[in-house]
Number of protein chains: 2
Amino acid sequence: MSDVFNALAHPVRREILKLLRDGAVNAGDIAAHFDLAKPTLSGHFTVLKTAGLVTTERRGTTILYRLNMSVMEEAVAALLSLTENGEGEKKWKFVRRSS
Amino acid sequence: MSDVFNALAHPVRREILKLLRDGAVNAGDIAAHFDLAKPTLSGHFTVLKTAGLVTTERRGTTILYRLNMSVMEEAVAALLSLTENGEGEKKWKFVRRSS
DNA sequence: TTGTTATTTAGCAAATAACCGAAATACGTG
DNA sequence: CACGTATTTCGGTTATTTGCTAAATAACAA
């Protein structure tokens with residue numbers, strides 16, 4: 001979980017995750033959103049991938065980055081576990097909508 | 001929010017937060033839970049305090065550390081905002097129990 | 001004031017992180 | 001094969017982080 005929070009700790013990486021909310025995006029299109037050199041973005045991709053927050057799929061010459069929802073869910077659960085002591089009533093309820 | 005996730009990225013700091021789940025604890029008692037020098041722990045306290053995740057209160061010779069729940073809640077909200085795009089159905093439901 | 005306990009600050013070494021430009025790799029096309 | 005496009009890896013610089021010991025500060029008691 002350290003890798004996950006570490007990945008979330010950089011504003012550029014959080015912005016990358018937001019770009020992936022509505023579907024997979026290729027590395028070049030992501031890089032175009034930032035005033036940073038491509039190798040720098042590639043490094044950020046590696047951090048996100050190491051944390052498991054994104055997955056990749058080669059699509060011809062480009063590489064698609066996709067959000068890994070299950071790891072995002074685990075991060076929320078880990079965050080909640082820091083405040084819930086397990087004994088007695090839970091203070092929070094966090095559920096995926098069934099539809 | 002970078003400061004918050006950065007603070008959460010270190011396992012010792014997450015463990016410190018867990019020690020504070022059931023109420024305020026003084027610096028010495030927290031330090032006793034780790035095999036680290038006290039100045040090292042003091043540095044971790046500073047990171048948590050800078051992030052706003054804990055507050056301090058001097059109580060005689062000791063200093064009490066207390067969890068700042070509102071910042072924890074903001075962290076959860078920030079995490080959710082990375083996956084919710086605002087248009088259409090929300091995928092998640094996250095509510096505080098009323099009781 | 002002197003001493004004792006609790007905690008932080010200062011100073012230092014080693015490791016890691018963030019950025020860049022240049023070079024390398026992977027793929028598809030002619 | 002050779003070329004163009006997309007992306008990553010390499011090598012380097014600078015800044016930050018984590019840990020330590022030793023010294024400084026804060027509060028209290030005698």
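In the text below, chain A, chain B and the rest are named by the order of the sequence lines, each starting its count at 1. Owing to the predicted nature of the structure, the values given are computational and were not obtained by experimental measurement.
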What does the list of N/O pairs under 3.5 Å between the protein and nucleotides 17-22 of chain C look like, with a distance for each?
| residue | atom | partner | partner atom | Å |
| --- | --- | --- | --- | --- |
| C:dA18 | OP2 | A:Arg13 | NH1 | 3.4 |
| C:dC19 | OP2 | A:His44 | NE2 | 2.7 |
| C:dC20 | OP2 | A:Ala37 | N | 2.9 |
| C:dC20 | OP2 | A:Thr40 | OG1 | 2.4 |

List the residues meeting side chain to side chain contact (heavy atoms under 4.5 Å, CB included) with B:Pro11, not counting sequence neighbours, and say none if there are none. A:Ser2, B:Arg14

What residues, two or more places apart in sequence or in another chain, satisfy side chain to side chain donor-acceptor pair (under 3.5 Å) together with B:Asp3? none

Kindly write out the residues that satisfy side chain to side chain contact (heavy atoms under 4.5 Å, CB included) with B:His44, not counting sequence neighbours, or none if the list is empty. B:His10, B:Val12, B:Arg13, B:Ile16, B:Thr40

A:Ala9: which residues meet the side chain to side chain contact (heavy atoms under 4.5 Å, CB included) condition with it, sequence neighbours left out? B:Phe5, B:Asn6

Look at all strands and tell whether B:Thr62 reaches a base, only sugar-phosphate, or nothing, counting heavy atoms closer than 4.0 Å. sugar-phosphate

Do B:Val47 and B:Val4 share a hydrophobic cluster (ILVMFWY, side-chain heavy atoms under 4.5 Å, transitive)? no

Under the salt bridge (charged side-chain N to carboxylate O under 4.0 Å, His left out) rule, what pairs show up with a residue in residues 32-44 of chain B, not counting sequence neighbours? none

With sugar-phosphate taken as primed atoms, P, OP1 and OP2 and all else as base, the protein-contact string of nucleotides 24-30 of chain C at under 4.0 Å (heavy atoms; B, S, -) is --SBS--

Considering all heavy atoms, the nearest A:Ala78-A:Met1 contact: CB-CG, 3.7 Å

Does anyone know the first and last nucleotide of DNA chain D in reach of chain B, 5' to 3', at under 4.0 angstrom to a heavy atom? D:dT18 to D:dC28

Look at all strands and tell whether A:Tyr65 reaches a base, only sugar-phosphate, or nothing, counting heavy atoms closer than 4.0 Å. sugar-phosphate

Donor-acceptor pair, side chain of A:Thr46 and main chain of A:Ser42, under 3.5 angstrom: yes

Those residues that, when tested against A:Leu19, pass side chain to side chain contact (heavy atoms under 4.5 Å, CB included) (two or more places apart): A:Ile30, A:His33, A:Phe34

Just list the side-chain donor-acceptor pairs under 3.5 Å for residues 57-69 of chain A, sequence neighbours left out, or say none.
| residue | atom | partner | partner atom | Å |
| --- | --- | --- | --- | --- |
| A:Glu57 | OE1 | A:Arg66 | NH2 | 2.6 |
| A:Arg58 | NH1 | A:Gly60 | O | 3.2 |
| A:Thr62 | OG1 | A:Arg59 | O | 3.2 |
| A:Asn68 | OD1 | A:Ser70 | N | 3.3 |
| A:Asn68 | OD1 | A:Ser70 | OG | 2.9 |
| A:Asn68 | ND2 | A:Gly52 | O | 3.1 |

